[in-house]
Amino acid sequence: MKYNKKELVIPTIKVISSGCNLRCKYCYYHNYYDQSNRLIMSDETLENLIKKTIDFVDKDSVDFIWHGGEPLLAGIPFYKRVIEIQKHIKTEKKIVNKIQTNATLITKKWADFFARQNFSVGVSIDGPKDIHDKCRVSSSNKGSYDHVKRGISLLQSVGIYPTALAMITSYSLGRVEDIFNYFVDNLGSFHLKPCYELDHISGKLAEFSVDPEEYVDFMIEVFDLWFEKDDPKIKVRSLSQIICAMVKRDNVSLCEFSGECPLFCTVESDGSVGPCDSFPIRKYYYGNINEINWHDILNSEGYNNFVADLEKNREECKLCKWYYVCNGGCAQYSYSIITDSWHKNKFCEAKKRLFEHISSRVMPLLI
């Protein structure tokens, strides 16, 4: 199986693999990885990754997504080295650095560095303090909200206004207006993801999770609040992407709607490459960036197996009237890491209600 965009890749780089200073209750790393693993990516791996990515990507800009665990644990010197390597590579391509952080470790030095080097920053925060602190806790089980809020304030003080990534948990239910207003007042741009984690013993939803219907009910309420506000400064990322797909049928960048999962590869700290880390690298191992280049990685057996399984799973989806909007949805919800098997996307039927609702309010305005 050959994917049709072999000249493009967007690496999500786990610079310290799963190492993190928090112990968020819904973090899937609890079950599959050793969170104490803080092996920082070596200079050799970093240089191979950056150079090979810039050489391979055949477009005007090259994206690097620095991720974790908690990527700030690698320290400022690590990212200074990133910039140094990038600047020494002769290219006319624009280099875009994006980092996703829990914000607890941000200091004035970090904020100044991100501002000076034009990093795009995403911050994980679940909303008001009482909701956030239910799940996003330290190793001593203390809520992290105050540290996160301090980090956000430091970023904003240097002109960085991060996009919030919030998990919608069972503690979020019934609090739609509180959460919406919180993000409008404090950040302005936010992305709301469902917390959908299964208990590995019972196979049932964990107590902090939401089921697809609950999540869609939540998002319909969010959409109505956002739609009535009619303020272009407020950006609800997932909803914006749905409208973009409905109206323009292109220009969709969010992976869960683009249908282009194979573009988003995870690079572990040792250089191992696989798909989105919702999938076990042992099942779909693409290779190591220290040993081969992106062309070979994207022609590997592991990569082609992933694409083939993904496409086979989406065959039925292509008959749906909403396929042009969701492109099969986030593949994370079409695969069980517990049973190591593919299935129909768990959010499929519920999401159709969301698409119908948005279409009924948006499309009449275009007539």
Side-chain angles (χ1 to χ4, degrees), residues 1-15 17-18 28-29 32-33 41 45-46 48-59 61-65 67 93 245 250 252-320 323-348:
M1 168 80 60
K2 300 290 184 182
Y3 192 63
N4 63 0
K5 288 196 175 181
K6 282 300 187 75
E7 76 288 353
L8 179 59
V9 68
I10 303 173
T12 296
I13 306 153
K14 294 171 61 179
V15 298
S17 290
S18 59
Y28 49 77
Y29 290 149
Y32 308 114
Y33 302 101
M41 182 174 284
T45 301
L46 191 59
N48 281 328
L49 170 62
I50 292 172
K51 186 178 188 307
K52 290 178 181 181
T53 303
I54 292 173
D55 287 347
F56 176 76
V57 172
D58 185 22
K59 57 179 286 202
S61 64
V62 185
D63 290 352
F64 293 94
I65 303 174
H67 218 280
K93 300 169 186 174
D250 63 7
V252 176
S253 59
L254 192 61
C255 59
E256 68 178 276
F257 295 114
S258 71
E260 295 177 344
C261 299
L263 298 185
F264 297 86
C265 298
T266 297
V267 183
E268 297 284 346
S269 61
D270 66 355
S272 298
V273 183
C276 161
D277 61 3
S278 297
F279 299 87
I281 196 170
R282 66 182 180 276
K283 181 179 178 70
Y284 299 110
Y285 176 67
Y286 298 173
N288 192 295
I289 198 66
N290 290 309
E291 299 166 359
I292 54 178
N293 59 29
W294 278 113
H295 178 271
D296 293 332
I297 286 171
L298 301 187
N299 281 281
S300 67
E301 181 180 1
Y303 178 87
N304 286 326
N305 285 343
F306 176 71
V307 174
D309 287 350
L310 179 66
E311 290 301 310
K312 181 180 179 181
N313 189 255
R314 287 177 173 171
E315 280 302 314
E316 185 179 342
C317 295
K318 294 175 182 178
L319 303 174
C320 175
Y323 184 71
Y324 81 99
V325 175
C326 75
N327 285 288
C330 178
Q332 172 186 355
Y333 306 118
S334 296
Y335 177 80
S336 169
I337 201 166
I338 300 174
T339 61
D340 187 23
S341 61
W342 291 79
H343 49 67
K344 184 176 180 179
N345 192 300
K346 295 294 186 181
F347 283 78
C348 175

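Source: prediction; values computed, not measured.
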Where [X] and [Y] come nearest, the two heavy atoms and their spacing:
X    : Y    : result
L298 : V9   : CD1-CB, 4.5 Å
T53  : L49  : OG1-O, 2.6 Å
G271 : N290 : CA-ND2, 4.2 Å
K52  : N293 : CD-CA, 4.1 Å
L310 : P262 : CD2-CD, 3.8 Å
N327 : G259 : CB-CA, 3.5 Å

How long is the gap from [atom1] on [X] to [atom2] on [Y], to the nearest 0.5 Å?
X    : Y    : atom1 : atom2 : value
D277 : S18  : CG    : OG    : 9.5 Å
R282 : S272 : CZ    : OG    : 13.5 Å
K14  : H67  : NZ    : NE2   : 9.5 Å
N288 : I297 : CG    : CD1   : 7.5 Å
D58  : F56  : CG    : CZ    : 9.0 Å

Can you check whether [X] reaches [Y] side chain to side chain, under 4.5 Å on heavy atoms?
X    : Y    : result
Y286 : I292 : no
S300 : Y285 : no
T45  : I289 : yes
T12  : C276 : no

Please tabulate, one pair per line, all N/O donor-acceptor pairs under 3.5 Å involving side-chain atoms of residues 340-348, not counting sequence neighbours.
from: D340; atom 1: OD1; to: K283; atom 2: NZ; distance (Å): 3.4
from: D340; atom 1: OD1; to: Y335; atom 2: OH; distance (Å): 2.4
from: S341; atom 1: OG; to: T339; atom 2: OG1; distance (Å): 2.6
from: W342; atom 1: NE1; to: Y284; atom 2: OH; distance (Å): 2.9
from: K344; atom 1: NZ; to: E349; atom 2: OE2; distance (Å): 2.8
from: N345; atom 1: OD1; to: F347; atom 2: N; distance (Å): 2.8
from: N345; atom 1: ND2; to: G328; atom 2: O; distance (Å): 3.3
from: N345; atom 1: ND2; to: C330; atom 2: O; distance (Å): 3.0
from: N345; atom 1: ND2; to: S334; atom 2: OG; distance (Å): 3.4

>> Students often mix this up, so state it plainly: with edges at 30° and 60°, are the rings of F279 and F306 parallel, tilted or perpendicular?
In response: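 Judged by the thresholds at 30° and 60°, the geometry between F279 and F306 is perpendicular.
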> Under the side-chain contact (heavy atoms from CB on, under 4.5 Å) test, which residues partner L46, sequence neighbours left out?
Replying inline: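 Residues passing side-chain contact (heavy atoms from CB on, under 4.5 Å) with L46: M41, I50, W66, F78, R81, V82, I85.
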> Are any of the side-chain nitrogens in E315 or K312 under 4.0 Å away from the carboxylate oxygens of its partner?
Replying inline: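 No, this pair does not count.
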